[in-house]
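Quick note on labels: first sequence line is chain A, next is B, and so on, each numbered from 1.
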Amino acid sequence: MTETLPTARAPRLRPIGRMLAVRVLGTLAILFVLSIVVFSMLHLAPGDLVKTLLGTRPASPEAVAAIREQYHLDDPLPVQYLRWLGGVLTGDFGQSIRLQTSVADAIGSRLGLTLALCGLAFVAAIGTGIPLGVQSAVRAGGVLDRIGTALGVIGLSAPTFAVGLLLLYVFAYYLPIFPVYGGGRGPLDTLYHLILPAITLAAGLGAIVLKLTRTAMLRELDADYVTSARARGIPEGRVRRLALRNAAIPIVTGASLLLTFLVGGTVLAETTYALPGLGTLLQDSVLFKDLAVVQALTLLVSLVIAVIALLADLAYLLLDPRVRAKGGTA
Amino acid sequence: MSASLGAVGVGFRRRRGVPVTVVVCLVVLAAAFLAVVLGPVLYPEATKQDILSSLMPAGSPGHPLGTDELGRDILALTVAGAASALVGPVCVAVGSMLLGILLGTLAGYERGPLDFVISRWTDLLLALPVLLAAIVVSGVFGGGYWTTVALLVLLFSPSDIRIVRAGVLEQSARPYIEAAQMLSLSRWRVMFRHILPNVSSLVITNAMLNVAFALVAFSSLSFLGVGVPPGTADWGRQLTDSRSIMFDNPAAVIVPAVLIIAVACAVNLVGDWLGQRLTRSGGLA
């Protein structure tokens, strides 16, 4: 997208601003389209809309009239959409028919656990994937590289729930040092309960990080500047740091890959370990057809993904002086 | 989705012949294929419930892998479940490959507004996390096995479209295309008889890797209770059903879990190997 930007007549530093503006507008456009899709989900879902909204309550004429009134079902669709969007923008996602609370409360009370799980898994994946990837690239074809490659293939191929169930069995049966079920009580106990799910998630994430790092580092270590740096007698450690900095660009650009994996992986990991987080909330709501919750979660995830993709693009600017320079002087 | 990760074996010394790992993988895939074909013949009544023989541990007489809560034989259920677990993903990969060839070639060769529309469409789809979109759509709209296959074809197609489009763009600038155009061959003939064979190695490699991703996505969906109706013989479904009896009969969980991992790994490794072979010998340089 960026290479088509007009740069000829623009004064200094303008193109970066313009590039940002284009990216932000593009993100907003995607979110707008998605919000329409998510809104229409309610109307496109099979079965009678009023019955879906009533849930388990009896369909008396009064209740039906109340529902039609409450959801403004007699208004034209665009008006309904705008009203819904207005509510969403002010944090009002409606009521959950399954939990009998507001959707915002249902999400708020489970958000912490999911964030902690994703954070832990992310740290574990970065902490193992990058060093292992660098070492694999430095000694390509060596023992460590072969082990790393094998682990990478398994991590990428194995579905999160299959890894989770196998770990669950091993740790519940042979090595009972971790709790295997539920979310625990209190912050420390929760953290303790999250270790095994986080390792499960990190297996897939770490494999992606490892592969991205290894591929990028192999390419960088082959570059002329590395040969030249080595020839000038710069210590190997500093050369590798130099190479890793350059390799960081494709790794950060791959962040979207990590995120897509994380979104699905969280649902699977939480379901496997019966953790009361957003993933299980989504699964239960989908199976129960609790549409307000599904709508809110879908929008929330889309928003997070869009914002992180935007941040990854910004990080790209920060990491690569060449991109900045090209934008600034062209 | 797999293209940006690069091949597994990059940087290894290239050897002649077929590597041992690939042979092992091919054996695994052959066994899986046999289970798909022979499963319905060998165990036509795999999902039949028999409460009298419920929860027998592995090694019981007549039930080498034991039974589950509903008294279904785990061995029969696993062999019969191969079809449901594997046919869908292969259909997803082939379907998304065909869609990718059609739309990618059109976008890359015709350019113009058609290219713009197709490219924005792939941008939009790529912004969606596959699994989440599949859970929501397939879960909310119901739909059975083949609806889920169609949905996954749609969600997997962007990577195929992009790869084909890039390949076609690169080929279109070459002299042989100019020559074909000068002979005033029809557009369709140039696109599908002249360009397509030259991008086919990329397409086939990506389709192989898509089989592995689709296998993971499919089994994940059926594990979550979406896509495959309850009571079906299917590896993912079997894992959900047997989670609660993990300590009574571990084989009910471990066997399907290990099989899913083994087949996915095998497909991935064979795909990578095939990719390296194809790109080295002819096709795209």
Side-chain angles (χ1 to χ4, degrees), chain A residues 1 26 30 33-34 41 44-46 136-137 140-141 145-146 149 152-154 156-163 165-166 168-169 172-173 208 211-212 214-215 218 250 253-254 256-257 259-265 267-268 271-272 282-283 285-287 289 291 294 297-298 301-302 305-306 309, chain B residues 1-2 4-13 21 123-124 126-143 212-213 215-217 219-220 223-226 235-236 239-240 242-243 246-247 250 253-254 256-269 272:
Chain A
M1 255 186 259
I30 285 191
V33 174
L34 276 176
M41 199 155 79
L44 292 175
S136 296
D145 186 24
R146 279 166 189 277
T149 307
V153 172
I154 296 174
L156 271 183
S157 317
T160 309
F161 63 91
V163 178
L165 285 172
L166 291 180
L168 197 71
Y169 182 68
Y173 209 75
I208 301 178
K211 236 178 163 185
L212 286 171
R214 181 177 180 274
T215 315
L218 270 180
T253 325
S256 60
L257 228 70
L259 202 65
T260 346
F261 175 83
L262 200 58
V263 169
V267 181
L268 292 168
T271 309
T272 310
L282 178 76
Q283 195 223 355
S285 306
V286 163
L287 293 182
K289 307 240 186 303
L291 289 179
V294 177
L297 282 173
T298 315
V301 172
S302 318
I305 289 184
Chain B
M1 55 199 325
S2 54
S4 48
L5 285 173
V8 180
V10 179
F12 281 167
R13 208 154 23 99
T21 33
D123 283 348
L124 184 71
L126 278 175
L128 296 174
V130 172
L131 197 59
L132 180 84
I135 294 170
V136 169
V137 177
S138 184
V140 170
F141 296 96
F213 281 111
L215 177 68
V216 172
S219 55
S220 302
F223 174 72
L224 292 173
V226 174
W235 292 347
L239 285 175
T240 331
S242 311
R243 203 166 35 150
M246 184 181 243
F247 302 110
V253 170
I254 292 177
V258 169
L259 279 176
I260 292 174
I261 298 178
V263 174
C265 283
V267 175
N268 250 328
L269 287 170
D272 277 340

- Item | side-chain hydrogen bond (donor to acceptor under 3.5 Å, both in side chains) against S285(A), all qualifying residues, sequence neighbours excluded | none
- Query: Which heavy atom of I154(A) sits nearest a heavy atom of C265(B), and at what distance?
  - Reply: CA-SG, 3.7 Å
- Give the member of V137(B), I261(B), T240(B) that has the highest number of heavy-atom pairs under 4.5 Å with chain A. I261(B)
- For chain A, the option from G225(B), S219(B), S138(B), A212(B) that forms the most heavy-atom pairs under 4.5 Å: S219(B)
- Side chain, backbone, both or neither: which part of T271(A) has a non-hydrogen atom closer than 4.5 Å to chain B? both
- Considering only heavy atoms from C-beta outward, does the side chain of F161(A) approach that of I260(B) to under 4.5 Å? yes
- Between V130(B) and T260(A), is any pair of side-chain heavy atoms under 4.5 Å apart? no
- Item | Portion of L297(A) that has a non-hydrogen atom of chain B nearer than 4.5 angstrom | neither
- Item | Atom group of I305(A) that falls short of 4.5 Å from chain B, counting heavy atoms | side chain
- 4.5 Å side-chain heavy-atom contact, V267(A) and S220(B): no
- Kindly compute the distance separating OG1 (T272(A)) from CZ (R243(B)), expressed to the nearest 0.5 Å. 6.5 Å
- Between V216(B) and L156(A), is a side chain to side chain contact (heavy atoms under 4.5 Å, CB included) present by the stated rule, with each step listed? CA-CA 9 Å; V216(B) 172; L156(A) 271 183; over 6 Å; no
- Task: Give me the one residue out of L287(A), L282(A), V286(A), L268(A) that meets side-chain contact (heavy atoms from CB on, under 4.5 Å) with L224(B).
- Result: L268(A)
- Message: If you define the side chain from C-beta out and look only at heavy atoms, does anything of F223(B) sit under 4.5 Å from L165(A)?
- Response: yes
- Query: For the candidates L132(B), V140(B), L131(B), which exhibits the highest count of non-hydrogen atom pairs separated by less than 4.5 Å from chain A?
  - Reply: V140(B)
- Message: Need one label for L291(A): side chain, backbone, both or neither, based on atoms under 4.5 Å from any heavy atom in chain B.
- Response: side chain
- Task: Name the member of V253(B), V136(B), V263(B) that forms the most heavy-atom pairs with chain A at distances under 4.5 Å.
- Result: V136(B)
- Task: Tell me, please, which residues at least two apart from I30(A) pass side-chain contact (heavy atoms from CB on, under 4.5 Å).
- Result: L34(A), L124(B), A127(B)
- Item | Side chain proximity check, F261(A) to P129(B), heavy atoms < 4.5 angstrom | no
